[in-house]
Trainee: 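Attaching a single structure in structure tokens format; questions to follow.
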Amino acid sequence: MHLPEMITKENMKQTIAVNVPDIGDFKDVSVIEVLVKIGEAVTAEQSLITLETDKATVDVPSPVAGMVTELKIKIGDKVSQGDLILMLEAESAAEGSISSSVQSTPAASISPFSEEKPTPSPDKERAEERMGTGGISSMPHDTPASSLTPDFAIPTSPSFEKGDLHAEIVVLGAGPGGYAAAFRAADLGKQVILIERHSKLGGVCLNVGCIPSKALLHVAKIITEADEISHHGVTFSKPTIDINKIRSWKESIIAKLTGGLAALSKQRKVNVVYGVAKFSSPNSITVETSDGSKTITFDNAIIAAGSSVARIPGFPYDDPRLIDSTGALLLQDIPERMLIIGGGIIGLEMGTVYDALGSKISVVELADGLIPGADRDLVRPLHKRIEKRYEAIYLKTKVTKIEAQKEGLNITFEGDNAPQPQLYDRVLLAVGRRPNGHEINAAAAGVVVNERGFIPVDKQQRSNVPHIYAVGDIVGDPMLAHKATHEGKVAAEVIAGHKAGFDALTIPSVAYTDPEISWMGLTETQAKAQGIAYEKASFPWAASGRALSMGREEGLTKLLYDPQTKCILGAGIVGCNAGELIAETVLALEMGANMEDIGLTIHPHPTLSETVGFAAEIAEGSITDLYMPRKK
């Protein structure tokens, strides 16, 4: 057996030098933990040391099983790619594996970042009752998979001329669904090209959505809490708002995350191409880059092209005072009066930010309540709180005209609660998003796009064209990043030959307002509309010691469950950190838990999380933190 220089034979054993692997552009990385000691036996892939970059912590695994004979580093050392970590005496029984995994690969590349991709091993099979080899997801997309008949299928061309670039998998769009798909596919040994139209990875969520909005909402929370603590004996001076510094802080968070994605792409050898892309055939995409037009061909494609802000026709969009969510996140100024068109999650989150910063906020909503998708008992505490803070909330009302004037935007209303025309310094249009299905020339690839712009897919995220998949906002509601991420991984795994499917029983929703609102599974509104039998257990936060100690007792935790089996059907929470608390109920639904399971789970006290357990105890009739009359 031929062995490279770093391996020697001595008494039928091999000594291997394990070096720092490729860790991207990072140098002088700190060793924060040494996980083994001299004389310790280790297994293949066992972590040896932990490194910490300014982006993440990274474990360096052992290439083979054996015994540590020498340690060349210690905690606190600074290391770079190629530096010697330790010497490992490999087990003689591992000789075959050494020749296959080390012989052709230098020690510096034996790592999770190695250019040589491992041969994927089959995933653990999921439960057959939840996922077969196809069919419709239990959480259907906008268009169910059953509408995809064989008549729509477009066969893959057996051969095609390769373009300027070629990959086994091309991913169109680098948002949460796209980069998750690209990274998972690369981890499974596939050659991947990731195409992004903007100059940074991360999509809407990371650049102009989820992440920057949460940064500004954190600022708003601090301002609000500092003001409200005065009722309990601590008074601060009125805060000085440095809008430029807030904006810079928000941008720094985005830069850290987008930079992290770029590093992860490089570590995984994912080729990133920036430019506007459109399909030109079933196996090719044309990308308009800064260096000109490029043709990229592929064996498989994953469409993750996302969605765009929806607009109402006839409004003066050339006026900079009329903004969408992207414009609101730019934080150009703090308007004296601001109107938000749309009482959904996006509009109310931005209202929370600008209200805290000092704007007088008004909201107009066509429906008869805010956040129409949530149950009314969850929305009520939010509505009650903001109607005291906001200038006005107009329900069952719409905007019919926006007239640009020198002094501001003059708004004409129509509806049950329509006021006289009002003048605002800024108007935020937040009436939802539309999928980008019609923006990518999908017809050239034979991909079906419905009239709303969605691409119908099956449970494996496959479109009507067998080798083209789609994930995220573009395949249907709900348009949520955490749904897109899971779908992206499914598509990558299916292409890699794994048995996988999107079989989530629920997708949780969160409004990061103040208070927050979260829900998952069956809602009461849905149960009543569909005639589904259910029972409800609600625990008021006014009986929660933790909520009272925070001065925020307006919250509520409720569980919906089957009257016969008492298995959880759905849950809703309103109150501080509701978005963090809902995860337990999602897991409970996925695991088929009943009220007894949840009630007998010991929750830490005093916490907001125990309100979930208290609600289950109400359902079980074992609650002691409230007096509940015995059912007859």
Side-chain angles (χ1 to χ4, degrees), residues 204 207-209 212-221 223-224 239-251 308-366 370-371 386-395 397-415 417-433 511-514:
V204 168
N207 290 281
V208 290
S213 66
K214 302 312 164 288
L216 297 182
L217 282 164
H218 177 68
V219 172
K221 181 180 181 182
I223 295 172
T224 303
T240 300
I241 307 297
D242 186 336
I243 193 170
N244 293 325
K245 201 166 185 178
I246 294 173
R247 190 188 308 112
S248 296
W249 175 68
K250 176 204 67 170
E251 294 298 329
S308 303
V309 172
R311 288 187 166 187
I312 298 174
F315 288 175
Y317 293 106
D318 57 342
D319 193 307
R321 295 169 295 183
L322 176 59
I323 59 177
D324 55 23
S325 58
T326 299
L329 290 168
L330 291 176
L331 207 64
Q332 296 172 324
D333 58 19
I334 303 173
E336 182 178 344
R337 295 189 79 205
M338 183 178 195
L339 174 67
I340 299 174
I341 303 176
I345 291 176
I346 295 175
L348 293 180
E349 287 183 357
M350 288 296 93
T352 300
V353 171
Y354 279 88
D355 166 63
L357 292 175
S359 297
K360 295 178 181 178
I361 302 295
S362 294
V363 177
V364 56
E365 167 59 45
L366 185 60
L370 301 174
I371 313 183
I386 64 176
E387 70 180 351
K388 296 176 182 178
R389 298 182 61 94
Y390 290 5
E391 189 173 23
I393 299 175
Y394 306 116
L395 299 178
T397 304
K398 64 180 180 179
V399 172
T400 56
K401 184 179 181 181
I402 299 178
E403 183 181 1
Q405 299 179 357
K406 182 178 180 180
E407 300 80 9
L409 296 175
N410 194 49
I411 310 299
T412 302
F413 300 88
E414 180 182 293
N417 300 294
Q420 293 298 311
Q422 300 283 314
L423 195 67
Y424 295 95
D425 300 295
R426 280 196 182 272
V427 174
L428 166 60
L429 183 66
V431 292
R433 302 185 64 83
Y512 296 93
T513 47
D514 185 16

Trainee: Identify the two heavy atoms, one from Glu365 and one from Gly342, that lie closest to each other, and give their separation to 0.1 Å.
Mentor: OE1-C, 3.7 Å

Trainee: Roughly how far, to the nearest 0.5 Å, is CG of Leu339 from CG of Asp425?
Mentor: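 It comes to 11.5 Å.
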
Trainee: Determine, for Lys214 against Glu349, whether the closest basic-nitrogen to carboxylate-oxygen distance falls under 4.0 angstrom.
Mentor: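 Yes, this pair counts.
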
Trainee: Can you find a heavy atom in the side chain of Leu429 that is under 4.5 Å from one in the side chain of Tyr317?
Mentor: yes

Trainee: To the closest 0.5 Å, what do you measure between CG (Leu428) and OG (Ser359)?
Mentor: 11.0 Å

Trainee: Kindly compute the distance separating CD1 (Ile393) from CG (Leu348), expressed to the nearest 0.5 Å.
Mentor: 8.0 Å

Trainee: Between atom OH of Tyr424 and atom CG of Leu409, what is the distance when rounded to the nearest 0.5 Å?
Mentor: 11.0 Å

Trainee: To the nearest 0.5 Å, how far apart are CG in Leu331 and CD1 in Ile246?
Mentor: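 Separation between the atoms: 6.5 Å.
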
Trainee: Do Asn417 side-chain atoms and Tyr394 backbone N/O form a donor-acceptor pair below 3.5 Å?
Mentor: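 Looks like no, no N/O pair under 3.5 Å.
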
Trainee: Is it the case that the side chain of Arg321 and the backbone of Val427 share a donor-acceptor pair, with hydrogens and angles ignored and the cut-off at 3.5 Å?
Mentor: no

Trainee: Is the side chain of Thr397 donor-acceptor paired with the backbone N or O of Val364 at a distance under 3.5 Å, no angle test?
Mentor: no

Trainee: Keeping to residues at least two apart or across chains, list the side-chain hydrogen bond (donor to acceptor under 3.5 Å, both in side chains) pairs with something in residues 332-343.
Mentor: Gln332-Arg426, Asp333-Arg426, Arg337-Glu391, Arg337-Gln422

Trainee: Taking Lys221 for the side chain and Asp514 for the main chain, is one N or O donor matched with an acceptor at less than 3.5 Å?
Mentor: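 No, Lys221 side chain to Asp514 backbone: no donor-acceptor pair under 3.5 Å.
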
Trainee: Specify the closest pair of heavy atoms between Ile346 and Ala430, including all atoms of both residues, with the distance to one decimal.
Mentor: CG2-CB, 4.3 Å

Trainee: Rounded to the nearest 0.5 Å, what separation is found between the CZ atom of Arg311 and the CG atom of Leu322?
Mentor: 7.5 Å

